[in-house]
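Chain A is the first sequence line, chain B the second, and so forth, proteins listed ahead of strands; every chain is numbered from 1. Computed from heavy atoms alone, side chains included, the values below leave out hydrogens, waters and symmetry copies.
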There are 2 protein chains.
Amino acid sequence: MSRGNTRQRIQDVALKLFAERGYEKTSLREIAEQLGVTKAALYYHFKTKEDLVTSLFEDLVLGPCDEVIAWARVHRPTTLEAKLQILRRYSACIGNATPLVRFMHENQATLRELSIGEQMKKRIFTLLGFLKDQDAALTDQVRCTSALFTMHSTLFTLDSSGAGPEDKRRAALEVAEELVTAAHHGDGA
Amino acid sequence: MSRGNTRQRIQDVALKLFAERGYEKTSLREIAEQLGVTKAALYYHFKTKEDLVTSLFEDLVLGPCDEVIAWARVHRPTTLEAKLQILRRYSACIGNATPLVRFMHENQATLRELSIGEQMKKRIFTLLGFLKDQDAALTDQVRCTSALFTMHSTLFTLDSSGAGPEDKRRAALEVAEELVTAAHHGDGA
DNA sequence: GTCTATACGGCGATAGAC
DNA sequence: GTCTATCGCCGTATAGAC
């Protein structure tokens with residue numbers, strides 16, 4: 001049973017429950033129960049509940065996200081094409097972690113008070129800084145912000161459309177590219 | 001002091017704390033403390049914590065939201081101009097309740113399990129149904145969904161821009177109109 | 001190294017005194 | 001209309017079994 005993969009099994013159950021029911025409504029007792037252990041056992045593998053949720057971000061999105069930022073820093077995206085490259089890379093990065101992105105989007109108030117939430121926010125703001133000009137017209141800033149949020153939320157909405165995850169990811173990317181393109185050309189000035 | 005307006009004073013403090021710290025992290029003891037009473041006193045004015053948050057939505061956005069839906073049902077928005085009218089009316093409606101919209105957006109996981117959350121979700125879905133065609137291309141459905149979310153989130157983001165609340169509301173409405181216009185013309189087909 | 005038993009203060013909620 | 005007292009569940013912490 002517990003062949004050194006207990007930590008991984010805790011993470012799997014936690015991510016599932018966190019995404020379904022939210023961070024606060026998911027108790028450690030619930031997580032432990034689904035694994036057939038007591039909640040005290042979780043404290044051997046993770047110092048706190050926050051430490052558990054932090055590990056999910058570290059293992060699933062933090063690294064890939066930093067790679068996109070590193071790429072952006074090197075390429076200094078002043079051209080539209082470079083900006084669109086950032087969108088494509090970020091879209092691919094979050095597309096592999098749909099449940100966690102959903103959790104992040106739907107638990108912003110909770111994550112705001114957690115260290116990992118601040119870290120994720122900082123990274124998203126950094127990416128946003130590469131997409132939009134600080135002095136751009138307000139509508140253009142709205143367009144770029146909306147582009148990122150659209151890529152996030154489309155991953156777990158539009159279930160009624162019957163479209164698959166990859167189709168939705170591509171459609172969201174397409175709309176995001178449009179928004180950033182419009183902002184780059186400065187329609188809102 | 002408590003001249004029959006105690007209920008209102010509880011709502012004011014609750015909305016402020018819910019928007020700042022989130023629903024779950026805000027305890028009834030905190031709310032009571034700021035009012036100089038014990039938490040048990042709150043239970044005279046509101047049956048439960050859920051009843052308290054529900055009253056905020058009922059008093060601030062539920063009525064105006066239903067008026068927009070009623071208008072939409074009467075006018076059957078098949079033309080682009082009618083769809084844009086819905087956006088403008090909805091924008092005005094939520095513009096008067098920025099803290100509550102922020103709370104709604106940042107506590108989706110929590111609200112999903114509350115009756116009032118389901119009711120709000122149903123209303124937003126209804127509005128979305130007037131904006132987008134069920135059989136439209138996936139990108140067009142993404143555009144319309146993004147339009148509504150953009151109007152929501154712009155109310156409480158872009159603080160670094162230094163723009164005022166009304167400027168941000170108008171900028172978000174402008175971008176939303178663009179998105180719905182593009183979807184109406186069926187660029188994504 | 002892995003986990004159970006037990007305890008603590010804070011939470012939402014209720015009952016009943018004033 | 002507001003209080004005290006109490007309840008069961010929460011996250012957290014630790015002692016100790018194996």
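- Contact check, B:R29 against C:dC11: a side-chain N or O comes under 4.0 Å of OP1 or OP2.
- For B:E33 and D:dT2, the CD to P distance is 16 Å, given to the nearest whole Å.
- At least one donor-acceptor pair closer than 3.5 Å links the side chain of A:T145 to the backbone N or O of A:Q141.
- Whole-Å rounding puts the B:L17 CG to C:dG12 C1' distance at 16 Å.
- Contact check of residues 42-54 of chain A against DNA chain C (heavy atom, cut-off under 4.0 Å) returns A:Y44, A:H45.
- The residues A:R123 and A:D66 are annotated as salt-bridged, a charged nitrogen and a carboxylate oxygen being separated by less than 4.0 angstrom.
- Comment: B:R88 does not engage B:E174 in a salt bridge, judged by the lack of any side-chain N to carboxylate O separation of less than 4.0 angstrom.
- Between A:H152 and B:F149, the ring centre distance reaches or exceeds 6.0 Å.
- Look at B:R21 and B:E30 and you find a salt bridge, because one of the NZ, NE, NH1 or NH2 atoms lies within 4.0 Å of a carboxylate O, short of that distance.
- Note on A:E178 versus B:R143: salt bridge recorded, some NZ/NE/NH1/NH2 to OD/OE distance being below 4.0 Å.
- Between A:L28 atom CG and C:dT6 atom P the separation is 20 Å, expressed in whole Å.
- For A:L114 and D:dG11, the CG to C1' distance is 13 Å, given to the nearest whole Å.
- Remark: of the listed residues A:Y23, A:F18, A:F103, A:Y23 is the sole one forming a side-chain contact (heavy atoms from CB on, under 4.5 Å) with A:T110.
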What protein N or O atoms touch nucleotides 3-5 of chain D N or O atoms at under 3.5 angstrom, if any, and at what distances?
from	atom 1	to	atom 2	distance (Å)
D:dC3	OP2	B:T38	N	2.7
D:dC3	OP2	B:T38	OG1	2.9

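- In this structure, NZ on A:K122 lies 13.5 Å from SG on A:C65, to the nearest 0.5 angstrom.
- The only option from B:L28, B:D51, B:T6 that meets the side-chain contact (heavy atoms from CB on, under 4.5 Å) definition with B:L42 turns out to be B:L28.
- An end-to-end axis angle of 10° holds for the helix from C:dG1-D:dC18 to C:dC18-D:dG1, taken from five base pairs per end and rounded to 10°.
- Separation of atoms CD (A:E166) and CZ (A:R169) is listed at 4.5 Å; rounding is to 0.5 Å.
- Atom NZ of A:K83 is separated from atom NZ of A:K132 by 10.5 Å, given to the nearest 0.5 angstrom.
- If you measure from atom NZ of B:K25 to atom C1' of D:dC10, you get 13 Å, rounded to the nearest angstrom.
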